[in-house]
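Here's the structure we're looking at; comments come further down.
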Amino acid sequence: MAVKPWVGTVKATVPSSYNPSKGDSDEPEANLELEYVYGYRTHDTRNNLRYNNNGEVIYHTAAVGISLNTKQNTQRFLFEHTDDIVCFDSFENKVVTGQLGRRPIICVWDSSDMRTLAMF
């Protein structure tokens, strides 16, 4: 059995007089929305930045496909992947991305509207 020295620390941080009230364990009413991605995967991938027919820059980092409008400095995202994207190709507005993992996914998508066309 693994040693878990942090368990005692976690238990010690809860005051002995603490009585949980109703709703303490409920999920918070909050949503997160990705606004902008800073970064670009280059350490183990090559030729993974292209322009589409609309002049947008298409690339990926982590598990996110990205379309960057350089004039407005805005991004749109593709969230179909569940692991890091390491394969990338495109023709006109059609993009193909592939990921790592035990069950890798290949995703075909349209960079003009970020619509998924096929997944394998």
Whether H60 and F88 hold their rings parallel, tilted or perpendicular, with breakpoints at 30° and 60°: tilted
Test item: R76 side-chain N/O and S111 main-chain N/O as donor-acceptor pair under 3.5 Å: yes
F79 with Y59, same ILVMFWY side-chain cluster at under 4.5 Å: yes
Atom CZ of F91 with >12 non-hydrogen neighbours under 6.0 angstrom: no
Crowding at OH, Y40 (>12 non-hydrogen neighbours, <6.0 Å): yes
Any donor-acceptor pair under 3.5 Å from N93 side chain to N53 backbone: yes
ILVMFWY network linking L78 to V95, side-chain heavy atoms under 4.5 angstrom: yes
ILVMFWY network linking I106 to V64, side-chain heavy atoms under 4.5 angstrom: no
Test item: N73 and L68 side chains (from C-beta on) under 4.5 Å apart, heavy atoms: yes
Same apolar cluster: Y36 and L34, side chain cutoff 4.5 Å: yes
Any side-chain heavy-atom pair of N52 and S90 under 4.5 Å: no
Any donor-acceptor pair under 3.5 Å from Q75 side chain to V37 backbone: yes
Same cluster (ILVMFWY, side-chain, under 4.5 Å), L49 and I66: yes
Exam field: side chain Q99 to backbone T82, donor-acceptor pair closer than 3.5 Å: yes
Contact check, side chains of R50 and N47, non-hydrogen atoms, under 4.5 Å: yes
Set of salt bridge (charged side-chain N to carboxylate O under 4.0 Å, His left out) partners for D83, sequence neighbours left out: none
Exam field: side chain D110 to backbone S112, donor-acceptor pair closer than 3.5 Å: yes
